[in-house]
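A quick write-up on the structure given underneath.
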Amino acid sequence: MIGIIGALDEEVKLVCDHLKNAKQLTKARSSFHTGKLGETEVTVVKCGVGKVNAAISTQILIDWFHCDRIIFGGVAGALIAGLNQGDVVISSHAVQFDIDLTAFGRRHGELAGQERLIEADKGLIEAGTDAFDELTETMSDPPALVVGTIVSGDSFISDPDTIKWLQREFGAACTEMEGGAVGYTCKINDIPFVIIRIISDSADDEAAGDFQSFLVKSSNLLFKLISGTVSRL
Ligand code: ADE
């Protein structure tokens with residue numbers, strides 16, 4: 001069983017709409033939809049915004065739905081020059097940027113006994129990049145793809161100082177609010193994961209408006225990337 005998570009309705013709606021023989025179960029106030037996406041059995045959930053919501057849904061997917069791989073899909077703010085609205089980031093690593101035990105000599109994002117940057121699964125990354133290549137090969141103006149570090153924290157980022165810090169501290173490609181928690185939860189359960197993000201904004205002072213206006217526009221590409229990834233597993 002593959003678990004598919006998005007934070008918002010727009011990020012999971014098309015996947016839910018395409019499920020065959022769908023069944024629904026509510027847990028911890030979230031609706032989990034199980035069915036076939038193509039030939040593959042999946043469970044899909046909208047977890048809500050933020051790292052706690054993402055961790056709760058990830059653990060439920062693992063414990064209740066016996067998911068053995070997790071894919072998170074959504075939008076994100078770009079942190080590197082040249083990455084624009086509509087471009088795609090697939091996680092090489094995920095990190096919770098707002099974990100701060102620097103007072104105890106640790107680096108930002110580092111917990112005891114845990115890698116600072118949590119590595120995403122090689123096979124899931126490859127399935128995602130192959131899906132991207134197939135999807136974009138016939139486009140006249142295809143989006144860019146970066147495989148890189150995704151940073152997550154419980155804040156919507158819209159200021160230049162934070163962008164600069166996230167770039168320098170983590171070498172990050174994009175910022176969002178869930179992936180690091182999904183990565184952490186998967187890691188401690190030995191479950192492979194990948195985060196697939198479409199850039200909605202540049203985490204600057206126009207980020208909130210750009211994010212709102214792009215959310216629905218991104219949903220078709222996101223659905224195709226997720227279903228293309230799942231079909232390769
Ligand atoms: N998701 C999309 N854009 C974001 C941003 N700028 N900060 C945090 N999460 C986001």
Apply side chain to side chain contact (heavy atoms under 4.5 Å, CB included) to residues W64 and F32 and explain how you reach the verdict. CA-CA 10 Å; W64 280 83; F32 292 78; over 6 Å; no
List the atom of V44, the atom of L19, and the distance in Å for their closest heavy-atom pair. CG2-CD1, 4.1 Å
Co-members of the apolar cluster containing I157 [side chain, <4.5 Å]: L79, V95, F97, L117, V151, I163, W165, L166, F170
Donor-acceptor pair, distance only, cut-off 3.5 Å: does the side chain of E41 make one with the backbone of K36? no
If I compare all heavy atoms of E11 with all of G74, which pair ends up nearest, and what's the gap? OE2-CA, 3.2 Å
Closest non-hydrogen atom pair between S30 and K46, with its separation: OG-O, 3.8 Å
What pairs with D133 under side-chain hydrogen bond (donor to acceptor under 3.5 Å, both in side chains), at least two apart in sequence or on another chain? none
Side chains of S152 and E178: donor-acceptor distance under 3.5 Å anywhere? no
Return yes if a side-chain donor-acceptor contact under 3.5 Å exists between S31 and Q24, otherwise no. yes
Mind checking ring pair (Phe, Tyr, Trp, His ring centres under 6.0 Å) for H18 and listing every partner two or more places apart, or none if nothing turns up? F223
Mark yes or no for whether D201, through its side chain, and A208, through its backbone, hold a donor-acceptor pair below 3.5 Å. no
Contacts of D68 meeting salt bridge (charged side-chain N to carboxylate O under 4.0 Å, His left out) (sequence neighbours excluded), chain-then-number -> none
Could you give me the CA-CA distance, side-chain angles and deciding distance for T43 and L25, then say whether side chain to side chain contact (heavy atoms under 4.5 Å, CB included) is met? CA-CA 10 Å; T43 298; L25 183 72; over 6 Å; no
Evaluate whether atom CD of E115 has more than 12 neighbouring non-hydrogen atoms of other residues, nucleotides or ligands under 6.0 angstrom away. no
For residues 106-114, run the donor-acceptor check on the side chains, cut-off 3.5 Å, and write out each pair with its distance to 0.1 Å, sequence neighbours left out.
residue : atom : partner : partner atom : Å
R106    : NH1  : E110    : OE2          : 3.3
E110    : OE1  : R107    : N            : 2.9

Could you note down all residue pairs passing salt bridge (charged side-chain N to carboxylate O under 4.0 Å, His left out) where residues 17-34 supplies at least one of them, sequence neighbours left out? K13-D17
Atom of S218, atom of L215 and distance for their closest heavy-atom approach: OG-O, 2.7 Å
